[in-house]
Amino acid sequence: MFSIYILTHNEQIDIAACIESAMLSDEIIVVDSMSSDRTVEIARQYPVQVVQHPFESHGKQRTWMLQEIPTQHEWVYILEADERMTPELFQECLDAIANPDELRGYYIAERVMFMNQWIRYSTQYPRYQLRLFRKDKVWFTDYGHTEREVCDGPTGFLKETYPHYTSSKGLSRWLDKHNRYSSDEAQETLRQLQKGEVSWNNLFFGRSEVEKRRALKDLSLRLPFRPLLRFIYMYLMLGGILDGRAGFAWCTLQAFYEYLILLKVWELQNMPTPELDPQPTSNATTSNPS
C-alpha cells in the first residue's frame, strides 16, 4: 500500500470528488494551504487526516510535507485537488511498488480535461509528472510558478494516466491563477536568460520525455515571437486542431499566457521602482497670513 497526499487551497468545489477517488488507499492526508473557504470543513467529513501549513511556494510546501508529516507507508503519491485517482492507476501503482527493482519513483502522465473533454493533442500528451515515489528519496525545488523534483535514484514510467480538470472551478479562476503564475514565470525567465543555458543534448537525445520537455522550455525562453510560436506549435505541429473548439480555445489561452509572461518580463526590466514621496522635515517653517 502507499499513502496519498492531497494538496489544497480553496478547493471546496473539487475536494470531495478528489478524496473519494483516493479512498482506495488506507491513508489519505490533506495538506491545506490555509484555505479561506469550506475546503477543510468538507475534507473533515471523510476519514482522512487534515494538516494546515502556510504556503510559501510549491517546492517548499511539498518538501515540508514530505519531511514533517509522518506516513504509514514508505511509498507516497501526490494528488492535487483538481486531479483524480482511477482504479486502474491505483492498481498499477500497487504493482509497481511490489516490484523488487531499485526504482525510487514513477512518472505518470496527465490527461488534461478542458471544456468537458480530453485535450489529447495540444497538451504535449503524454506529459509526465513524478507522482509515486519513496518518501525518503525525493525532495522539491522551485522553478517558475511551480516546482521540480530531485530524486535520489533511478525512476520509471507507468502506463496508466490520471485526469486533470484544469478549469473545474471556472474560467475566471483559471485566469486569476495564471495571472499569478505569469509573475513567477517572468522572474524565472529573467533568471534563466541571465544564468541558465539550453541543454542541446537533452533536447535531441534526452533519455525521457521529461528531459526533452524541460530542454525545450529552456530553448523557448530565448525565441522571438514566443506567443505566436507557441500557438503554431500547439495548434498545428502538435495537432491541437484535432481537439476541435476546445483545442482552439486551449491553444489561444496558452498563447495569451505566454504573452502575459513577456509583458511582465518587460515590466521587470523597464518599469522604475516606485519611490515614496519625501516626508516633510520637522523644522519646516510655515508662513502665517498677516
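Between Arg173 and Asp82, no side-chain nitrogen of the basic residue sits less than 4.0 Å from a carboxylate oxygen of the acidic one, so the salt-bridge criterion is not met. Between Glu80 and Arg62, at least one side-chain N (NZ, or NE/NH1/NH2) sits under 4.0 Å from a carboxylate O, which counts as a salt bridge. Using a 4.0 Å cut-off between charged nitrogen and carboxylate oxygen, Lys264 and Glu267 do not count as a salt-bridge pair.
For Ala22, the side chain to side chain contact (heavy atoms under 4.5 Å, CB included) partners at least two apart in sequence or on another chain are Ile4, Ile6, Ile28, Leu79. Arg134 is linked by a salt bridge (Lys or Arg N to Asp or Glu O under 4.0 Å) to Glu74, Asp136, counting only residues two or more places apart in sequence or in another chain. The salt bridge (Lys or Arg N to Asp or Glu O under 4.0 Å) search around Arg191 returns Glu188, not counting sequence neighbours. Residues satisfying the side chain to side chain contact (heavy atoms under 4.5 Å, CB included) criterion with Glu149, sequence neighbours excluded, are Tyr107, Leu130, Val138, Phe140, Arg214. When the side chain to side chain contact (heavy atoms under 4.5 Å, CB included) test is applied to Gln52, the partners found at least two apart in sequence or on another chain are Asp32, Met34, Val40. With sequence neighbours excluded, no residue forms a side chain to side chain contact (heavy atoms under 4.5 Å, CB included) with Thr146.
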Query raised in the report: Checking side chain to side chain contact (heavy atoms under 4.5 Å, CB included) for the pair Ser57/Glu147: CA distance, chi angles, key distance, verdict?
Result: CA-CA 8 Å; Ser57 67; Glu147 76 288 335; over 6 Å; no
Report task. I would like to know whether Tyr257 and Glu185 meet side chain to side chain contact (heavy atoms under 4.5 Å, CB included); could you show each step before the answer? Result -> CA-CA 10 Å; Tyr257 175 54; Glu185 288 292 335; 3.2 Å; yes
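Arg148 forms a cation-pi arrangement with Tyr143, by the criterion of a distance under 6.0 Å to the ring centre and an angle within 45° of the ring axis.
A pairwise comparison of heavy atoms in Gln129 and Tyr162 identifies CG-OH, 3.4 Å as the closest pair. The shortest heavy-atom contact between Thr161 and Leu89 is O-CD2, 3.9 Å.
Between Tyr235 and Phe231, the angle of the ring planes stays under 30°, which puts this pair in the parallel group of the 30/60° scheme.
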